[in-house]
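See below for the structure under consideration.
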Amino acid sequence: MASPAGCLPWLPGGFMVAVRALLFWALVYSYCAACACIELLKLLWRIGRSPGKTFQRVIRENPPACLSDPSLGTHCYVRIKDSGLRFHYVAAGERGKPLMLLLHGFPEFWYSWRHQLREFKSEYRVVALDLRGYGETDAPSHQDNYKLDCLITDIKDILESLGYNKCMLIGHDWGGMIAWLVAICYPEMVTKLIVVNFPHPSVFTEYILRHPSQLIKSGYYFFFQMPWFPEFIFSVNDFKVLKNLFTSRTTGIGRKGCRLTAEDIEAYLYIFSQPGALTGPINHYRNIFSCLPLQHHEVTMPTLLLWGERDAFMEVEMAETTRIYVKNHFRLTILSEASHWLQQDQPDIVNKLIWTFLKEETIRKRE
């Protein structure tokens, strides 16, 4: 099939690039406006039904006890020389053991890896990071400080600051996006890559433009382009949107999963209810349309992709397509009863699959 540029040979190439860019940004901002209108209508509906509850908000001054559980590891901080940012992380396992670096998604923080911190500390130095702008990690105020190249460089700098030159890299959701990009840009630093519920970034960008159903599921990417309004919507009715993401029938952990306890939910509410705590995480998304598509695609290290089939935000078809971008051993496991929050939803199964993958690769190297 001829390309649009091939159908209009009299138009200069530069003009066609400009037209495509114009159409792309028109789509982005049109969908952004549509998502904003939908959220505004929902807000007005809530105000009409229960105005008192809509603006209710609990002040949370003290963290719940689960965040200082010693079985999860030690709270640590590292300041990056070049950026000047201080990063918070929780580490378990002895120093000097191989590094397993865990990158959380949205809206999560280091605590989403609590089951993995306990599980893998016997053989690894397990580090669960708070990404730039999240939790106790510094949150630069300017939106440009959250571009993908900054987020990728953060991981490289943290690895070096921890005294390592390579790691087993594991990422979930948005942390999965970052993990893919680190593996592409710094392949010498990643011995094995494990991603949970996020396809290769090139698969995601190609798929979303061809499948309206995925475009709808990714509506929050567009909604987050707006200033301040997304943060406000998240805070309405004492962060009900945040609670619902983990507990509702459509997006939350199912009946057969390991549901979050009241204390787990309170941990999330404590972190994200702090003043300005949502702006940094949402800023991660406010630069994404200027950073994709990628110029380089190939992943060269052994890769495990884990996927919850009941993911309300990502269509499972993208998982299998990811295979074409991995130029090494690739294993895909889809869990039929699991949600988007896979490592919290099915921790025992996820941990077993990770162990199997890591041991397989060790055997494969010896052979």
Side-chain angles (χ1 to χ4, degrees), residues 1 3-4 16-43 105-108 143 146-148 151 171-178 180-181 195-227 229-231 233-234 241-242 244-245 248-252 281-295 297 305 307-325 332 334 338-342:
M1 182 182 290
S3 67
M16 289 307 301
V17 170
V19 169
R20 286 172 184 162
L22 180 65
L23 291 172
F24 173 75
W25 286 108
L27 169 65
V28 169
Y29 286 110
S30 297
Y31 195 25
C32 169
C35 292
C37 289
I38 292 169
E39 291 301 327
L40 182 60
L41 290 172
K42 289 180 180 177
L43 176 62
F106 174 89
E108 297 174 295
Q143 182 177 316
Y146 295 86
K147 288 183 176 179
L148 285 174
L151 307 179
H172 168 246
D173 182 66
W174 182 258
M177 160 80 91
I178 297 172
W180 283 114
L181 296 176
V195 179
V196 183
N197 278 76
F198 201 95
H200 186 287
S202 293
V203 172
F204 180 67
T205 53
E206 292 162 7
Y207 189 90
I208 196 172
L209 292 173
R210 293 190 177 101
H211 297 82
S213 55
Q214 181 58 55
L215 191 67
I216 292 169
K217 290 180 179 180
S218 300
Y220 61 98
Y221 278 66
F222 298 85
F223 177 54
F224 287 170
Q225 303 310 304
M226 296 191 68
F229 191 52
E231 289 94 320
I233 290 296
F234 261 85
V241 171
L242 181 63
N244 285 347
L245 283 173
S248 73
R249 293 181 65 183
T250 53
T251 64
I282 292 175
N283 275 343
H284 280 242
Y285 293 87
R286 287 178 170 141
N287 291 291
I288 189 169
F289 293 111
S290 60
C291 299
L292 296 175
L294 304 177
Q295 292 181 338
H297 307 276
L305 179 57
W307 203 280
E309 195 171 22
R310 288 184 58 254
D311 191 327
F313 308 103
M314 294 282 171
E315 295 189 352
V316 70
E317 288 77 12
M318 291 187 286
E320 183 59 43
T321 311
T322 290
R323 185 184 302 274
I324 64 175
Y325 290 102
L332 167 65
I334 299 172
S339 69
H340 177 75
W341 320 104
L342 187 56

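At least one donor-acceptor pair under 3.5 Å links the side chain of D311 to the backbone N or O of F313. The main-chain N or O of S202 is found under 3.5 Å from a side-chain atom of H200 such that the two form a donor-acceptor pair. With hydrogens and angles ignored, the 3.5 Å screen pairs a side-chain donor or acceptor of N197 with a backbone N or O of G308. Here the side chain of E309 pairs no donor or acceptor atom with the backbone of E315 at under 3.5 angstrom. N287 places a side-chain N or O within donor-acceptor distance of the main-chain N or O of Q143, the cut-off being under 3.5 Å. Side chain of T322 to backbone of P199: no donor-acceptor contact under 3.5 angstrom is found.
Note that CE of M226 is 10.5 Å distant from CD of E231, once rounded to the nearest 0.5 Å. Interatomic distance, CD1 of I282 versus CD of Q225, reported as 10.5 Å (0.5 Å rounding). Here NZ of K217 is found 12.0 Å from NE2 of H340. Values are rounded to the nearest 0.5 Å. Rounding to the nearest 0.5 angstrom, the gap separating the CE atom in M314 from the CD1 atom in I208 is 7.5 Å. In this structure, CG in L242 is found 10.0 Å from CD in E108, a value given to the nearest 0.5 Å. To the nearest 0.5 angstrom, M177 atom CE is 4.0 Å from I288 atom CD1.
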List the steps, then state whether side chain to side chain contact (heavy atoms under 4.5 Å, CB included) holds for F222 with L215.
CA-CA 9 Å; F222 298 85; L215 191 67; 3.6 Å; yes
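In this structure, a donor-acceptor pair under 3.5 Å is present between the side chains of S218 and Q214.
With a 4.5 Å cut-off on side-chain heavy atoms, T321 and Y207 do not count as touching. The closest side-chain heavy-atom distance from E317 to S213 is not below 4.5 Å. Between L181 and I178 the shortest side-chain heavy-atom distance does not fall below 4.5 Å.
Closest approach of G219 to C35, counting heavy atoms only: O-SG, 3.5 Å. In plain terms, the two heavy atoms of V195 and W180 that are nearest each other are CG1-NE1, 3.4 Å. Among all heavy-atom pairs drawn from V203 and M318, the shortest one is CG1-O, 3.6 Å. Of all heavy-atom pairs spanning G252 and S339, the tightest one is O-CB, 3.5 Å. Here the shortest heavy-atom pairing between L332 and A319 reads CD1-CB, 3.8 Å. Of all heavy-atom pairs spanning F229 and L43, the tightest one is CE1-CD2, 4.4 Å.
The ring-ring contact (aromatic ring centres under 6.0 Å, His included) test applied to W341 returns F246, not counting sequence neighbours. Applying the ring-ring contact (aromatic ring centres under 6.0 Å, His included) criterion to F106, with sequence neighbours excluded, gives F224, F234, Y285.
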